Amino acid sequence: MASEELAKKLQSRFVAMEDTEPRPELSPARSTPREPEPDGGEEGSELSAKLHRRLDINDGAAVPRATRVFNPYTEFKEFSRRQIKDMEAMFRRYDTGKDGFIDLMELKLMMEKLGAPQTHLGLKNMIKEVDEDFDGKLSFREFLLIFRRAASGELQEESGLMALARLSEINVSTEGVMGAKDFFEAKAQALSQGSKFEAEIREEKEEQKRQEEEKKQRQAAFKQLQSTFCS
């Protein structure tokens, strides 16, 4: 009962602050977040914490929350840069909403394009198998998990995810520690992973340099041809 009464009071206070324009000269920002008020239950505590954070954000006193930075090249070392780029290109091709996720309908379209259409329940089970944050859609990291599990033999042969990995035309054979048969082979491959990564970066830079050089040559030839006609 006490938690419900506290929740109502906090909600009234939140509504009052939302309806009133902030006045810095009358309500200067506090240097530290407000202390949570005691409550009588778990539900009241959760609501209280949310409302306090909203008030702290309005006052400019909220403590920033840490965000996880995802780097596919360091987290999925078993795949080469080329493989990850191919997977990313495929992910973006079917992310028709351009929101950074593949939802149920986009996955449905993907499987139809790959020639392995799934039932509504089958699509939901595909997402559920790798949906680590339970949001009902696939992030790029969760998309990469499909290929990781396919490469390590964790997927059932007749599953929808296995069909996706097999029909994607992306070579997901393991190249790093996961594909090693014993400890010494794994150690050797782990040591060579860094040099392989650097070699791929050098190749990309050399390709960019070659393209820029060709562009300069085309521009020079065009200018020479132009000067010939103008002279």
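Quick caveat: nothing in here was measured; it's all calculated off a predicted structure.
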Applying side chain to side chain contact (heavy atoms under 4.5 Å, CB included) to E132 and E142, what does each step give before you reach the verdict?
CA-CA 7 Å; E132 294 188 330; E142 291 165 342; 4.1 Å; yes

About how many Å separate CD of Q118 and CG of L164, when rounded to the nearest 0.5 Å?
9.0 Å

The single option from K205, Q211, E204 that satisfies side chain to side chain contact (heavy atoms under 4.5 Å, CB included) with E207 is Q211

Side-chain heavy atoms of Y73 within contact of F79, under 4.5 Å
no

With F143, which residues qualify under ring pair (Phe, Tyr, Trp, His ring centres under 6.0 Å), at least two apart?
F91, F147

Crowded around K98 NZ? As in, over 12 foreign heavy atoms under 6.0 Å?
yes

Between R210 and E214, does any NZ, NE, NH1 or NH2 come within less than 4.0 Å of an OD or OE carboxylate oxygen?
yes

With distance as the sole criterion, is a donor-acceptor pair present between the side chains of Q208 and E212 under 3.5 Å?
no

With a 3.5 Å cut-off and sequence neighbours excluded, list the donor-acceptor pairs that the side chains of residues 103-111 form with protein atoms.
unit_1, atom_1, unit_2, atom_2, d
D103, OD1, M105, N, 3.2
D103, OD1, E106, N, 2.8
E106, OE1, D103, N, 2.9
E106, OE2, T96, N, 3.2
E106, OE2, T96, OG1, 3.1
E106, OE2, G97, N, 2.8
K108, NZ, E112, OE2, 2.7

What's the spacing between K209 NZ and E206 CD if we round to 0.5 Å?
8.0 Å

Output for pair (M126 CE, D131 CG), nearest 0.5 Å, gives 12.5 Å

In Å, rounded to the nearest 0.5 Å, how long is the span from CG of L167 to NZ of K113?
14.5 Å

Under 4.5 Å between side-chain heavy atoms, hopping through other hydrophobics if needed: is there a path connecting L155 to V130?
yes

Give a yes or no on whether a salt bridge exists between E157 and R166, defined as a side-chain N under 4.0 angstrom from a carboxylate O.
yes

Walk me through whether E129 and L161 qualify under side chain to side chain contact (heavy atoms under 4.5 Å, CB included).
CA-CA 9 Å; E129 192 166 347; L161 292 184; 3.6 Å; yes

Might you point out which heavy atoms bring K137 and I127 nearest each other, and give the distance in Å?
N-CG2, 3.8 Å

Quick check against the 3.5 Å criterion: does D95 have a side-chain atom that pairs as donor or acceptor with the backbone of I102?
no

Closest approach of P72 and L144, non-hydrogen atoms and distance?
CB-CD1, 3.8 Å

For residues L138 and L114: do they belong to one hydrophobic cluster (side chain heavy atoms under 4.5 Å, members Ile, Leu, Val, Met, Phe, Trp, Tyr)?
yes

Does the distance from a Lys or Arg side-chain N to an Asp or Glu carboxylate O, for E154 and R148, drop under 4.0 Å?
no

Under 4.5 Å between side-chain heavy atoms, hopping through other hydrophobics if needed: is there a path connecting F101 to I146?
no

Nearest-0.5 Å distance, CE of residue M87 to OG of residue S168
7.5 Å

Rounded to the nearest 0.5 Å, the CZ atom of R141 sits from the CG atom of L145 at a distance of 5.0 Å

